Amino acid sequence: MESQEALVYTLISILFFLQILFWKLLWTRYITVLSTPQLTRHLNPTSHTLTAESNETEFMSYMLRKSKSVNKALDEAVPLCEPVLKIREAMRYTLLSDGKRVRPMLCLAACELVGGQESTAMPAACAIEMLHASSLIQDDLPCMDDDNLRRGKPTNHKVFGEGIAVLAADALIALAVKQIATSSTSSPEKVLRAILEMAKAVGTEGLVAGQAADLAGEGMTAAVIGGITGGGSDEEIERLRCYARCIGLMFQVVDDVLDVTKSSEELGKTAGKDLIAGKLTYPKVMGVEKSREYAERLNREAREHLQGFDSDKVAPLLFLADYIVNRQN
(Lines give C-alpha, C1' and ligand atoms only; values in the text may rest on other atoms or scores of the structure.)
Protein backbone atom coordinates (compact mmCIF):
# COMPACT_ATOMS: atom_id res chain seq x y z
CA MET A 1 0.00 0.00 0.00
CA GLU A 2 2.79 2.34 0.94
CA SER A 3 4.61 1.56 -2.31
CA GLN A 4 1.46 2.45 -4.31
CA GLU A 5 1.14 5.78 -2.49
CA ALA A 6 4.80 6.50 -3.13
CA LEU A 7 4.30 5.77 -6.83
CA VAL A 8 1.32 8.14 -7.00
CA TYR A 9 3.27 10.89 -5.27
CA THR A 10 6.17 10.33 -7.66
CA LEU A 11 3.92 10.56 -10.71
CA ILE A 12 2.26 13.71 -9.36
CA SER A 13 5.68 15.27 -8.77
CA ILE A 14 6.81 14.42 -12.29
CA LEU A 15 3.63 15.87 -13.80
CA PHE A 16 3.98 19.01 -11.68
CA PHE A 17 7.61 19.40 -12.77
CA LEU A 18 6.69 18.94 -16.45
CA GLN A 19 3.93 21.53 -16.10
CA ILE A 20 6.36 24.04 -14.61
CA LEU A 21 8.85 23.32 -17.41
CA PHE A 22 6.14 23.77 -20.05
CA TRP A 23 5.02 27.15 -18.74
CA LYS A 24 8.60 28.30 -18.34
CA LEU A 25 9.37 27.48 -21.99
CA LEU A 26 6.11 29.11 -23.12
CA TRP A 27 6.85 32.29 -21.13
CA THR A 28 10.37 32.46 -22.56
CA ARG A 29 8.96 32.21 -26.08
CA TYR A 30 6.37 34.92 -25.32
CA ILE A 31 9.03 37.30 -23.98
CA THR A 32 11.16 36.67 -27.09
CA VAL A 33 8.25 37.59 -29.36
CA LEU A 34 7.49 40.73 -27.38
CA SER A 35 11.11 41.84 -27.55
CA THR A 36 11.07 41.75 -31.37
CA PRO A 37 10.06 45.27 -32.53
CA GLN A 38 8.83 44.20 -35.96
CA LEU A 39 6.51 41.59 -34.43
CA THR A 40 5.37 43.71 -31.50
CA ARG A 41 3.45 46.02 -33.80
CA HIS A 42 1.42 43.10 -35.15
CA LEU A 43 0.56 41.86 -31.65
CA ASN A 44 -1.38 45.08 -31.17
CA PRO A 45 -3.53 45.42 -34.30
CA THR A 46 -5.74 48.10 -32.72
CA SER A 47 -2.85 50.49 -32.21
CA HIS A 48 -3.14 53.74 -34.16
CA THR A 49 0.57 54.43 -33.89
CA LEU A 50 3.06 54.49 -36.72
CA THR A 51 6.79 54.73 -36.25
CA ALA A 52 9.70 55.87 -38.37
CA GLU A 53 10.32 52.17 -39.19
CA SER A 54 6.77 51.53 -40.41
CA ASN A 55 6.12 50.64 -44.05
CA GLU A 56 3.51 51.64 -46.61
CA THR A 57 1.26 48.68 -45.77
CA GLU A 58 1.18 49.72 -42.12
CA PHE A 59 0.37 53.27 -43.15
CA MET A 60 -2.60 52.10 -45.22
CA SER A 61 -3.82 50.13 -42.20
CA TYR A 62 -3.37 53.26 -40.11
CA MET A 63 -5.45 55.26 -42.60
CA LEU A 64 -8.16 52.61 -42.56
CA ARG A 65 -8.36 52.65 -38.76
CA LYS A 66 -8.52 56.44 -38.66
CA SER A 67 -11.14 56.43 -41.40
CA LYS A 68 -13.33 54.01 -39.44
CA SER A 69 -13.08 56.16 -36.33
CA VAL A 70 -14.01 59.29 -38.28
CA ASN A 71 -16.88 57.56 -40.12
CA LYS A 72 -18.35 56.41 -36.81
CA ALA A 73 -18.17 59.94 -35.39
CA LEU A 74 -19.69 61.44 -38.56
CA ASP A 75 -22.53 58.94 -38.54
CA GLU A 76 -23.35 59.86 -34.95
CA ALA A 77 -23.12 63.60 -35.71
CA VAL A 78 -25.84 63.50 -38.40
CA PRO A 79 -28.50 61.02 -37.27
CA LEU A 80 -31.20 60.17 -39.78
CA CYS A 81 -34.23 61.60 -37.99
CA GLU A 82 -36.82 64.37 -38.07
CA PRO A 83 -37.06 67.30 -38.47
CA VAL A 84 -35.87 68.12 -42.01
CA LEU A 85 -35.34 64.45 -42.76
CA LYS A 86 -34.75 65.03 -46.48
CA ILE A 87 -31.98 67.54 -45.82
CA ARG A 88 -30.34 65.12 -43.37
CA GLU A 89 -30.46 62.40 -46.02
CA ALA A 90 -28.74 64.73 -48.46
CA MET A 91 -26.12 65.70 -45.87
CA ARG A 92 -25.35 62.07 -45.10
CA TYR A 93 -25.29 61.11 -48.80
CA THR A 94 -22.19 63.21 -49.44
CA LEU A 95 -20.71 63.26 -45.94
CA LEU A 96 -20.69 59.47 -45.52
CA SER A 97 -19.74 58.55 -49.09
CA ASP A 98 -16.53 56.63 -49.75
CA GLY A 99 -14.03 59.41 -49.15
CA LYS A 100 -10.42 58.81 -48.13
CA ARG A 101 -10.80 61.05 -45.02
CA VAL A 102 -7.43 62.65 -45.70
CA ARG A 103 -8.41 65.95 -44.07
CA PRO A 104 -9.66 64.44 -40.78
CA MET A 105 -6.61 62.20 -40.65
CA LEU A 106 -4.41 65.25 -41.14
CA CYS A 107 -6.18 66.98 -38.24
CA LEU A 108 -5.84 63.94 -35.94
CA ALA A 109 -2.20 63.32 -36.85
CA ALA A 110 -1.29 66.98 -36.27
CA CYS A 111 -2.98 66.88 -32.87
CA GLU A 112 -1.11 63.73 -31.86
CA LEU A 113 2.16 65.15 -33.19
CA VAL A 114 2.11 67.98 -30.61
CA GLY A 115 1.08 65.71 -27.74
CA GLY A 116 -2.74 65.62 -27.98
CA GLN A 117 -5.12 62.67 -28.11
CA GLU A 118 -7.35 61.51 -30.97
CA SER A 119 -10.49 62.05 -28.89
CA THR A 120 -9.50 65.69 -28.33
CA ALA A 121 -9.33 66.46 -32.04
CA MET A 122 -12.17 64.23 -33.29
CA PRO A 123 -14.87 66.97 -33.19
CA ALA A 124 -12.58 69.26 -35.19
CA ALA A 125 -11.70 66.43 -37.60
CA CYS A 126 -15.40 65.82 -38.25
CA ALA A 127 -15.98 69.56 -38.70
CA ILE A 128 -13.27 69.71 -41.35
CA GLU A 129 -14.86 66.79 -43.24
CA MET A 130 -18.25 68.51 -43.04
CA LEU A 131 -16.76 71.61 -44.63
CA HIS A 132 -15.22 69.47 -47.34
CA ALA A 133 -18.51 67.68 -48.03
CA SER A 134 -20.25 71.07 -48.26
CA SER A 135 -17.67 72.27 -50.79
CA LEU A 136 -18.18 69.15 -52.90
CA ILE A 137 -21.94 69.67 -53.06
CA GLN A 138 -21.47 73.31 -54.05
CA ASP A 139 -18.71 72.55 -56.54
CA ASP A 140 -20.93 70.09 -58.43
CA LEU A 141 -23.98 72.38 -58.74
CA PRO A 142 -25.12 73.43 -62.25
CA CYS A 143 -24.25 77.04 -61.48
CA MET A 144 -20.68 75.97 -60.63
CA ASP A 145 -19.00 73.02 -62.38
CA ASP A 146 -22.27 71.27 -63.28
CA ASP A 147 -20.96 67.76 -62.61
CA ASN A 148 -22.97 64.54 -62.58
CA LEU A 149 -20.48 62.19 -60.91
CA ARG A 150 -18.68 62.30 -57.55
CA ARG A 151 -16.83 59.39 -55.91
CA GLY A 152 -18.37 57.04 -58.43
CA LYS A 153 -21.96 58.04 -57.61
CA PRO A 154 -24.44 60.63 -58.92
CA THR A 155 -23.78 64.05 -57.43
CA ASN A 156 -25.93 65.34 -54.60
CA HIS A 157 -28.17 67.63 -56.65
CA LYS A 158 -28.81 64.83 -59.16
CA VAL A 159 -30.26 62.70 -56.37
CA PHE A 160 -32.02 65.26 -54.17
CA GLY A 161 -32.52 68.26 -56.45
CA GLU A 162 -30.71 71.60 -56.46
CA GLY A 163 -32.75 73.19 -53.67
CA ILE A 164 -32.14 70.39 -51.15
CA ALA A 165 -28.48 70.17 -52.18
CA VAL A 166 -27.92 73.88 -51.45
CA LEU A 167 -29.65 73.59 -48.08
CA ALA A 168 -27.64 70.47 -47.22
CA ALA A 169 -24.39 72.27 -48.02
CA ASP A 170 -25.41 75.22 -45.81
CA ALA A 171 -26.46 72.88 -43.01
CA LEU A 172 -23.09 71.10 -43.09
CA ILE A 173 -21.25 74.40 -42.61
CA ALA A 174 -23.44 75.29 -39.63
CA LEU A 175 -23.00 71.82 -38.17
CA ALA A 176 -19.23 72.07 -38.58
CA VAL A 177 -19.14 75.19 -36.42
CA LYS A 178 -21.39 73.50 -33.85
CA GLN A 179 -19.11 70.44 -33.74
CA ILE A 180 -16.16 72.51 -32.62
CA ALA A 181 -18.08 75.01 -30.51
CA THR A 182 -19.72 72.32 -28.37
CA SER A 183 -16.55 70.28 -27.95
CA SER A 184 -16.05 69.52 -24.25
CA THR A 185 -12.47 68.30 -24.67
CA SER A 186 -10.82 71.62 -25.48
CA SER A 187 -10.48 74.87 -23.57
CA PRO A 188 -12.63 77.86 -24.63
CA GLU A 189 -9.51 79.63 -25.91
CA LYS A 190 -8.58 76.71 -28.18
CA VAL A 191 -12.18 76.36 -29.39
CA LEU A 192 -12.36 80.04 -30.33
CA ARG A 193 -9.01 79.91 -32.11
CA ALA A 194 -10.08 76.79 -34.02
CA ILE A 195 -13.36 78.41 -35.10
CA LEU A 196 -11.47 81.47 -36.38
CA GLU A 197 -9.22 79.22 -38.46
CA MET A 198 -12.25 77.42 -39.83
CA ALA A 199 -13.95 80.69 -40.69
CA LYS A 200 -10.95 81.60 -42.84
CA ALA A 201 -11.28 78.28 -44.67
CA VAL A 202 -14.88 78.89 -45.73
CA GLY A 203 -14.87 82.68 -46.09
CA THR A 204 -13.46 85.07 -48.67
CA GLU A 205 -9.95 83.87 -47.79
CA GLY A 206 -10.77 80.25 -48.52
CA LEU A 207 -13.39 78.18 -50.32
CA VAL A 208 -15.63 81.07 -51.31
CA ALA A 209 -12.70 82.86 -52.95
CA GLY A 210 -11.45 79.83 -54.83
CA GLN A 211 -14.67 77.80 -55.22
CA ALA A 212 -12.34 74.84 -54.78
CA ALA A 213 -12.89 71.33 -53.47
CA ASP A 214 -9.20 70.57 -52.98
CA LEU A 215 -6.88 70.30 -50.03
CA ALA A 216 -5.23 73.71 -50.40
CA GLY A 217 -7.40 75.58 -47.92
CA GLU A 218 -9.09 72.80 -46.00
CA GLY A 219 -5.89 70.82 -45.53
CA MET A 220 -4.05 73.77 -44.08
CA THR A 221 -6.97 74.44 -41.75
CA ALA A 222 -7.09 70.76 -40.70
CA ALA A 223 -3.43 70.69 -39.73
CA VAL A 224 -3.59 74.02 -37.90
CA ILE A 225 -6.76 73.13 -35.99
CA GLY A 226 -5.24 69.77 -35.08
CA GLY A 227 -2.19 71.56 -33.72
CA ILE A 228 -4.36 74.01 -31.78
CA THR A 229 -6.57 71.34 -30.18
CA GLY A 230 -3.51 69.27 -29.34
CA GLY A 231 -1.96 72.15 -27.41
CA GLY A 232 0.89 72.90 -29.82
CA SER A 233 3.07 75.96 -29.43
CA ASP A 234 2.80 78.88 -31.86
CA GLU A 235 6.03 77.76 -33.52
CA GLU A 236 4.76 74.17 -33.94
CA ILE A 237 1.42 75.37 -35.33
CA GLU A 238 3.17 77.63 -37.84
CA ARG A 239 5.34 74.76 -39.02
CA LEU A 240 2.24 72.62 -39.46
CA ARG A 241 0.66 75.46 -41.44
CA CYS A 242 3.67 75.59 -43.79
CA TYR A 243 3.68 71.81 -44.17
CA ALA A 244 -0.04 71.76 -44.95
CA ARG A 245 0.28 74.62 -47.43
CA CYS A 246 2.81 72.52 -49.35
CA ILE A 247 0.76 69.32 -49.40
CA GLY A 248 -2.40 71.28 -50.22
CA LEU A 249 -0.75 72.78 -53.27
CA MET A 250 0.77 69.40 -54.08
CA PHE A 251 -2.70 67.83 -53.89
CA GLN A 252 -4.00 70.33 -56.45
CA VAL A 253 -1.07 69.78 -58.81
CA VAL A 254 -1.56 66.01 -58.70
CA ASP A 255 -5.32 66.47 -59.09
CA ASP A 256 -4.78 68.53 -62.24
CA VAL A 257 -2.42 65.89 -63.66
CA LEU A 258 -4.86 63.06 -62.93
CA ASP A 259 -7.67 65.05 -64.56
CA VAL A 260 -5.89 64.84 -67.93
CA THR A 261 -4.25 61.41 -67.58
CA LYS A 262 -6.97 59.23 -66.03
CA SER A 263 -10.45 58.14 -67.07
CA SER A 264 -13.71 58.98 -65.29
CA GLU A 265 -13.95 55.35 -64.15
CA GLU A 266 -10.50 55.50 -62.59
CA LEU A 267 -11.13 58.85 -60.89
CA GLY A 268 -14.70 58.26 -59.76
CA LYS A 269 -15.59 61.70 -61.13
CA THR A 270 -15.79 63.33 -64.54
CA ALA A 271 -12.32 63.43 -66.09
CA GLY A 272 -11.14 66.30 -68.28
CA LYS A 273 -13.77 68.76 -67.08
CA ASP A 274 -11.18 71.44 -66.27
CA LEU A 275 -9.73 71.15 -69.76
CA ILE A 276 -13.19 71.44 -71.31
CA ALA A 277 -13.99 74.45 -69.12
CA GLY A 278 -10.76 76.14 -70.23
CA LYS A 279 -9.38 76.46 -66.71
CA LEU A 280 -5.74 77.35 -66.12
CA THR A 281 -4.48 74.08 -64.66
CA TYR A 282 -0.88 73.16 -63.86
CA PRO A 283 -0.50 70.77 -66.84
CA LYS A 284 -1.89 73.46 -69.15
CA VAL A 285 0.67 76.00 -67.91
CA MET A 286 3.65 73.76 -67.13
CA GLY A 287 2.98 70.53 -68.96
CA VAL A 288 2.36 67.13 -67.35
CA GLU A 289 5.99 66.18 -66.63
CA LYS A 290 6.94 69.57 -65.20
CA SER A 291 3.82 69.45 -63.04
CA ARG A 292 4.88 66.08 -61.65
CA GLU A 293 8.36 67.45 -60.92
CA TYR A 294 6.79 70.41 -59.13
CA ALA A 295 4.68 68.07 -57.00
CA GLU A 296 7.82 66.15 -55.99
CA ARG A 297 9.53 69.41 -55.04
CA LEU A 298 6.55 70.41 -52.90
CA ASN A 299 6.74 67.03 -51.17
CA ARG A 300 10.38 67.65 -50.26
CA GLU A 301 9.56 71.13 -48.96
CA ALA A 302 6.67 69.77 -46.89
CA ARG A 303 8.97 67.25 -45.23
CA GLU A 304 11.53 69.96 -44.48
CA HIS A 305 8.97 71.88 -42.44
CA LEU A 306 8.57 68.85 -40.16
CA GLN A 307 12.26 68.40 -39.40
CA GLY A 308 12.95 68.43 -35.67
CA PHE A 309 9.70 66.79 -34.59
CA ASP A 310 9.81 63.37 -32.92
CA SER A 311 10.56 60.87 -35.71
CA ASP A 312 7.83 58.43 -34.65
CA LYS A 313 5.09 60.99 -33.99
CA VAL A 314 5.72 62.74 -37.30
CA ALA A 315 5.62 59.50 -39.32
CA PRO A 316 1.89 59.71 -40.25
CA LEU A 317 2.32 63.18 -41.76
CA LEU A 318 5.38 62.11 -43.75
CA PHE A 319 3.57 59.02 -45.05
CA LEU A 320 0.58 61.19 -45.90
CA ALA A 321 2.71 63.52 -48.03
CA ASP A 322 4.04 60.55 -50.01
CA TYR A 323 0.52 59.15 -50.33
CA ILE A 324 -0.77 62.40 -51.83
CA VAL A 325 2.02 62.82 -54.34
CA ASN A 326 1.71 59.20 -55.51
CA ARG A 327 -2.09 58.89 -55.52
CA GLN A 328 -3.83 57.59 -58.64
CA ASN A 329 -7.39 58.86 -58.09
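Keep in mind the model is a prediction, meaning the values are calculated, not measured.
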Name all residues meeting the side-chain contact (heavy atoms from CB on, under 4.5 Å) criterion together with Ala109; count only those two or more places apart in sequence or in a different chain, and write none if there are none. Tyr62, Pro316, Leu317

Would you please name every residue forming a side-chain contact (heavy atoms from CB on, under 4.5 Å) with Thr57, sequence neighbours left out? Asn55

Output the distance between atom [atom1] ([X]) and atom [atom2] ([Y]), rounded to the nearest 0.5 Å.
X	Y	atom1	atom2	result
Met105	Lys100	CE	NZ	13.0 Å
Asn326	Asn299	CG	CG	7.5 Å
Leu306	Cys246	CG	SG	9.5 Å
Asp256	Tyr294	CG	OH	11.5 Å
Arg303	Ile247	CZ	CD1	11.5 Å
Ile128	Met198	CD1	CE	7.0 Å

Here the side chain to side chain donor-acceptor pair (under 3.5 Å) pairs for residues 309-318, sequence neighbours left out, are none

Check whether any side-chain N or O of Ser67 sits under 3.5 Å from a backbone N or O of Leu64 as a donor-acceptor pair, and report yes or no.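 No; judged by distance alone, with no hydrogens or angles, the pair does not exist.
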
Would you say the side-chain atoms of Asn156 pair up with the backbone N or O of Ala90, donor to acceptor, closer than 3.5 Å? yes

Closest approach of [X] and [Y], non-hydrogen atoms and distance?
X	Y	result
Ala222	Arg103	CB-O, 3.5 Å
Met286	Ser291	CB-OG, 3.9 Å
Cys126	Ala73	SG-CB, 3.4 Å
Gly232	Ile237	O-CD1, 3.5 Å

State which residues pass side chain to side chain donor-acceptor pair (under 3.5 Å) with [X]; sequence neighbours excluded, sorted by chain then number.
X	result
Glu82	none
Lys153	none
Gln179	none
Arg327	Asp255

Result of checking Lys72, Lys66, Lys68 against Glu118 for salt bridge (Lys or Arg N to Asp or Glu O under 4.0 Å): Lys66

Does [X] come within less than 4.0 Å of [Y], counting only side-chain N to carboxylate O?
X	Y	result
Glu293	Arg297	no
Asp234	Arg193	yes
Arg292	Glu289	yes

For Asn71 and Arg101, test the side chains for any donor-to-acceptor distance below 3.5 angstrom and give the result as yes or no.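 Looking only at side-chain atoms, Arg101 and Asn71 do form a donor-acceptor pair, the distance falling under 3.5 Å.
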
Partners of Phe309 by ring-ring contact (aromatic ring centres under 6.0 Å, His included), sequence neighbours excluded? none

Not counting sequence neighbours, list each pair that qualifies as a salt bridge (charged side-chain N to carboxylate O under 4.0 Å, His left out) and has a residue in residues 158-177. none

ILVMFWY clustering at 4.5 Å (side-chain atoms), partners of Phe160: Val70, Leu74, Val78, Val84, Ile87, Met91, Tyr93, Leu95, Leu96, Leu108, Met122, Met130, Ile137, Val159, Ile164, Leu167, Leu172, Leu175

Each residue besides Leu80 in its hydrophobic cluster should be listed here, by chain and number; the cluster joins Ile, Leu, Val, Met, Phe, Trp and Tyr at side-chain heavy-atom distances under 4.5 Å.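 In the cluster with Leu80 are Leu85.
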
Per the ring pair (Phe, Tyr, Trp, His ring centres under 6.0 Å) rule, what does the pair list look like for residues 102-129, sequence neighbours excluded?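 Residue pairs with at least one partner in residues 102-129: there are none.
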
Treating Ile, Leu, Val, Met, Phe, Trp and Tyr as nodes and any side-chain heavy-atom pair under 4.5 angstrom as an edge, say whether Leu258 and Leu149 lie in one connected cluster.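 Leu258 and Leu149: separate clusters.
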
Can you get from Met60 to Phe319 by hopping between Ile, Leu, Val, Met, Phe, Trp and Tyr side chains that sit under 4.5 Å apart? yes

